[in-house]
Every structure is written in C-alpha cells, then in structure tokens.
Protein chains: 2
Amino acid sequence: MSTRREAVRQALTDASGFRSAQDLYADLRSEGSKIGLTTVYRALQALSDSGEVDVLRTDDGEAVYRACDTESHHHHLVCRTCSTAVEIKGPTVEEWATEIGAEHGFTGVTHTVEVFGTCADCSLRAVQQT
Amino acid sequence: MSTRREAVRQALTDASGFRSAQDLYADLRSEGSKIGLTTVYRALQALSDSGEVDVLRTDDGEAVYRACDTESHHHHLVCRTCSTAVEIKGPTVEEWATEIGAEHGFTGVTHTVEVFGTCADCSLRAVQQT
DNA sequence: GCCATTTTTGACAACCATTTTCGTTTTCGT
DNA sequence: ACGAAAACGAAAATGGTTGTCAAAAATGGC
C-alpha cells in the first residue's frame, strides 16, 4: 500500500459521506499535498477493486466514493444536502430482491439500493432559514 | 409532440429494455432516419422530464432509458445480458425505505432500487454454450 | 551506502458521452 | 402564402475519466 493511496483512503475516511474524485483531489491539495489527479483516480480504482470503498453514480453521472465501516454487503441512507451517509444493513431488501428475481426466473440476482433524504441536522437548518 | 420525439419514443418502445442515447441514435439511423444525435438527446431529456421514460445510470456512467408501461413509481428487474427489463411494483421496498429513513430522522426520503440478474432465456442460452 | 530494476507518480493529451451554439428548416396560426 | 416560433442537426465546447510516458521514488542485491 503506497503512501499516496493511503492518503486518499484517509481523506475519504475523514469525510463521513460520499465524495467525488475531484472533491478528494481538491481536499488533498488544500491540505498541502502535491498529489496529482491521476493518482487520486488510480487510488480510488484500486480501493474500489479491493472492496475497501463503495462507489455509486450521482444522477449526473459522476462517480462518488465512500470508505465504509464494513466490507460486507450493505446500503446507504444518504443526506442529499451534506452527503453524510449512514450504513444500512438488514435482510429485508435482500430477501425481497432474491424473491422478485426468482419469481421471474432470473438467476444470479444482485441489486443496487440507495436511500436518499435530508438528515435531521440539515432539515432543522432548512427550517431555520439560517 | 414533434415527429422526431415520437420517433424516439417509438424506438424506445420497440426495444423492451434499457437503451442508451447512442444506441437509439444508431437504431434510428439504421432504419433510414436522418435524425441527429442532438435531437435524440433532446427528445430523451423531454421524455424523462415529463416522466414518460425512466432513466438510470450504468456502472460506467452512461445514461440508459426505458419506455415504461406505467407512469407511477416502480422498479426494474433487468437482465444483464440482453437488458430486457420487467417492471416491479409492490409496497415492500417502499415501506422499508420509509421506515429506514424515519429511524434515522431523515425527511423527504426517496430511494433508487434496481435488481439485476440473468433472465431465463439468457440463462438457458449460457448453459447450452450456443 | 550504491547502483540497477521495478513500481509509483503526475503533467498532459486523448476519450467519449453529453451539452451548447447557432444558422437552417419545419411547423403553425392567420 | 407569410411571418413568428419551435424544432432540427452539424459542429464545437464541456467535463469527468482514462491512457501515455518520462521522471521520481521505493526495493533488492552487492
């Protein structure tokens, strides 16, 4: 594990939500790092290949990453304002997806599930019109 | 509704699965249409804005579209080989998502759910090693 | 410690889906 | 048929992401 890759992982861990490669690059540069954008992309690709970070796509096609607490299968509850994410586990959706697939004769069923909302803090802030 | 937009909608309807803008452009051109790529994008944007087609992002960030039977909220069971999609309805996931959001104090909860697998036909074809 | 080999890095160019621009064509109301 | 407004399409611009390649850093044998 190279120093640069570790730096990217740390930057991702420090931010407790989903961040894009460009975001992380900006974060690292503003901390004084001399890292290059290419390296950030390479580090993120390696980390996601090894399952150490989760990736998903925003509606406008940008890839965003998150360092997760667990490497096992899980989903996220993401705040659409501050992008903070809570990890969600539980058999309900998994069972539902498997069942739906089986009903239609599909094999090798997988699923992508993300839940979005406005977190308690951001909801409050919005109401207060700060 | 312009003729061009109708042509795009028809092309999407003919394909019973998710297709990218580039795919649809190729389909239409190969049918002899003189439509431009720009118009395909514009038509898809308009159709998705009006809720007549569903959009989702592939893992590599490309936007894919589908003409759906219903305009109400639903999900898809998509074949990862032939991209055919079955529409899924049912309260299970909706309830689950709302509940999860509420548990963590999130408001305005929405969700994205897609289920992938290999459909019965494609599974069979794979086994037969055609 | 020192040199050769391998790996990692980063500036820059290349890619490619998508959007914007803008002049032309078509549509539509009268 | 006439003029305004909308739709169209070719080409250029955009922007996130990936490929290239030479320089820099880590590694291993001596």
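Residue numbering restarts at 1 for every chain, and letters A, B, ... go by the order of the sequence lines.
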Exercise. Hey, is the side chain of A/Arg4 poking within less than 4.0 Å of OP1 or OP2 on C/dG10, counting only N and O atoms?
Worked result: yes
Exercise. A/Ile35 CD1 to C/dG10 C1': how many Å, rounded?
Worked result: 10 Å
Problem set entry | Nearest-Å distance for atom pair NZ/C1', residues B/Lys34 and D/dA7 | 18 Å
Seminar exercise, completed: The nucleotide from D/dT17, C/dT18, C/dT9 with an atom nearest the side chain of A/Thr39 is C/dT9
Exercise. For D/dT18, does either OP1 or OP2 sit under 4.0 Å from a side-chain N or O belonging to A/Tyr41?
Worked result: no
Exercise. Do B/Arg57 and A/Glu62 sit within salt-bridge range, that is, some charged N less than 4.0 Å from a carboxylate O?
Worked result: no
Problem set entry | Rounded interatomic separation in angstrom, taking CZ from B/Arg42 and P from C/dT20 | 11 Å
For this session: Figure out the CG/P separation between A/Leu56 and D/dG16, and round it to whole Å.
Result: 17 Å
Problem set entry | Minimum-distance nucleotide (side-chain atoms of A/Thr38 versus D/dT17, D/dG9, D/dT20) | D/dT20
Seminar exercise, completed: In whole angstroms, the gap separating P of C/dG10 from CG of A/Leu44 amounts to 13 Å
For this session: Using a strict cut-off of less than 4.0 Å between a Lys/Arg side-chain nitrogen and an Asp/Glu carboxylate oxygen, indicate whether B/Glu52 and B/Arg9 qualify as a salt bridge.
Result: yes
Exercise. Any sub-3.5 Å donor-acceptor pair from B/His75's side-chain atoms to B/Val113's backbone N or O?
Worked result: yes
Exercise. A/Leu24 pairs by side-chain contact (heavy atoms from CB on, under 4.5 Å) with which of A/Val64, A/Ile35, A/Val40?
Worked result: A/Val40
Exercise. Mapping B/Gly61 and A/Leu37 to their closest nucleotides on DNA chain C, which lands nearer the 5' end?
Worked result: A/Leu37
Exercise. Between B/Arg57 and C/dA17, does any side-chain N or O lie under 4.0 Å from OP1 or OP2?
Worked result: no
Exercise. Rounded to the Å, how far apart are A/Gln45 CD and C/dG10 P?
Worked result: 17 Å
Exercise. So, A/Glu94 versus A/His74: side-chain donor-acceptor pair below 3.5 Å or not?
Worked result: no
Problem set entry | Integer-rounded Å distance: D/dA25 C1' and A/Glu6 CD | 18 Å
Seminar exercise, completed: Atom CG of B/Asp60 and atom P of C/dC16 are separated, to the nearest Å, by 12 Å
Seminar exercise, completed: By the Watson-Crick or G-U definition, both distances under 3.5 Å, D/dA26 is matched with C/dT5
